[in-house]
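Numbering of ligands and ligand atoms starts at 1, following listing order.
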Amino acid sequence: MAAAAFKLGDFGKVREERFGDEQQLSVVQHTPQFTVSDLNFYYGAFQALHNLNMNVPQDKVTALIGPSGCGKSTFLRILNRMSETVPNTRVEGKVLLGDQDLFSFHPTVLRQRVGMVFQRPNPFPKSIFDNVAYGVRINRMLPASQMKDRVEQSLRRAALWEEVKDKLHVSALSLSGGQQQRLCIARSLAVEPEVLLLDEPCSALDPLATSKIEDLIFELKGLCTIVIVTHNMLQAARVADYVGFFLNGKLVEFEGARKMFMNPTNKQTEDYLTGRFG
Ligand SMILES: Nc1ncnc2c1ncn2[C@@H]1O[C@H](COP(=O)(O)OP(=O)(O)OP(=O)(O)O)[C@@H](O)[C@H]1O
């Protein structure tokens, strides 16, 4: 998808509206949630990621941007080991979650801590309540008596409670696309993950639903670490604290969002942001 044409000043206006007179963030200021060292990833003989090194800061929003096919989703899927579900793949290098080796976890345990929401909402063919309760139930995280509260809290956090509180037992498939996506976010939040990975969560949504999800991402800041892949540069400017720019499987630049959008270090980053390619 070609990026729309922007001037860096356009991003400055968006940042100011959303963040006011913000400080420039430096990556070293924050505790890393993920520490990525010399990471390579292969689909068969094809190398999709090349020697990635970065710290993804804890309890902040990090946006991953870059043209189609540059490896953003591959990287995101490594962070909760969904990448391993693709046959004939290989990973090299090191990723720490906090101070623990990401690859030492049992994937099911890891995915309780690192939740993921996909591009297209994928509710289960169950009631709204059962969708949200699903992960909590299968992981036996709570007694049944506390489930109602957890479901309500998760739906409230996903800004969906008011719209569904009177129909918790109807099928989730009867909800609109935007509501289904917020339901999937509520389902991920219900297990109280430390990290939420969002792979283009708004690409199938209309502007109103998109703006609700962006507000939600903004509100979740400080409660969990969010890593979002997006093709929408204005969306990245509206929600991100940090931004990583990928190109051809390499991480070209990783910066505080203000610096990235207003004064990128790399010429290729500026060309991508301003729509000269992509
Ligand atoms: N299952 C797979 N098998 C083989 N190659 C794959 C597979 N998934 C992705 N790739 C390749 O890996 C590279 C990176 O793909 P990836 O989906 O990570 O890019 P992306 O930046 O997320 O793209 P987009 O923005 O279009 O979603 C591409 O060349 C893609 O063709």
Applying the side-chain contact (heavy atoms from CB on, under 4.5 Å) test to F245, which of E255, Q268, K250 qualifies? Q268

Find all atoms of ligand 1 within a distance of less than 4.0 Å from any non-hydrogen atom belonging to [X], and give their numbers and elements.
X: V86; answer: 1 (N)
X: H231; answer: 24 (P), 25 (O)
X: C70; answer: 19 (O), 20 (P), 21 (O)

Ligand 1 contacted by E200 (non-hydrogen, < 4.0 Å):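 E200: in contact with ligand 1 (<4.0 Å).
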
Can you check whether G69 has an N/O within less than 3.5 Å of an N/O in ligand 1? yes

Nitrogen or oxygen of F46 less than 3.5 angstrom from that of ligand 1: no

Regarding atom 19 (O) of ligand 1: of the candidates S83, G71, G44, which has the closest heavy atom? G71

Given S73, S203, P67, identify the one with the heavy atom nearest to atom 22 (O) of ligand 1.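 That would be S73.
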
Do the non-hydrogen side-chain atoms of F34 and L97 ever get within less than 4.5 Å of each other? yes

Does the structure place the NZ or CZ of R187 under 6.0 Å from the centre of the six-membered ring of F124, at an angle of no more than 45° from the ring's axis?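 Positive - R187 is close enough to the ring of F124 and near enough to its axis.
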
For [atom], closest protein heavy-atom neighbour:
atom: atom 21 (O) of ligand 1; answer: K72 NZ, 2.8 Å
atom: atom 26 (O) of ligand 1; answer: S68 OG, 2.5 Å
atom: atom 12 (O) of ligand 1; answer: Y43 CE1, 3.3 Å

Over 60° means perpendicular and under 30° means parallel, so tell me whether F261 and F11 are parallel, tilted or perpendicular.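 F261 and F11: tilted rings.
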
Name the orientation class of the two ring planes belonging to F41 and Y43 (parallel below 30°, tilted from 30 to 60°, perpendicular beyond 60°).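 Perpendicular.
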
Where's the contact between T74 and ligand 1, heavy-atom distance under 4.0 Å: side chain, backbone, both or neither?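 Both the backbone and the side chain of T74 come within reach of ligand 1.
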
Ligand 1 versus A48: contacting region, heavy-atom distance under 4.0 Å: side chain

Strictly less than 4.0 Å: does any protein heavy-atom distance to atom 29 (O) of ligand 1 fall in that range? yes

Under a 4.0 Å N-O cut-off, is there an ion pair linking K13 with E17?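 Salt bridge flag = no for E17 with K13.
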
Quiz question: by atom type and distance under 3.5 Å, do the side chains of K72 and T230 form a donor-acceptor pair? no

For F19 and F218, I'd like to know if the aromatic rings sit close, meaning centre-to-centre distance below 6.0 Å. yes

Quick check: is V56 connected to L196 through a chain of hydrophobic side chains (ILVMFWY, heavy atoms under 4.5 Å apart)? no

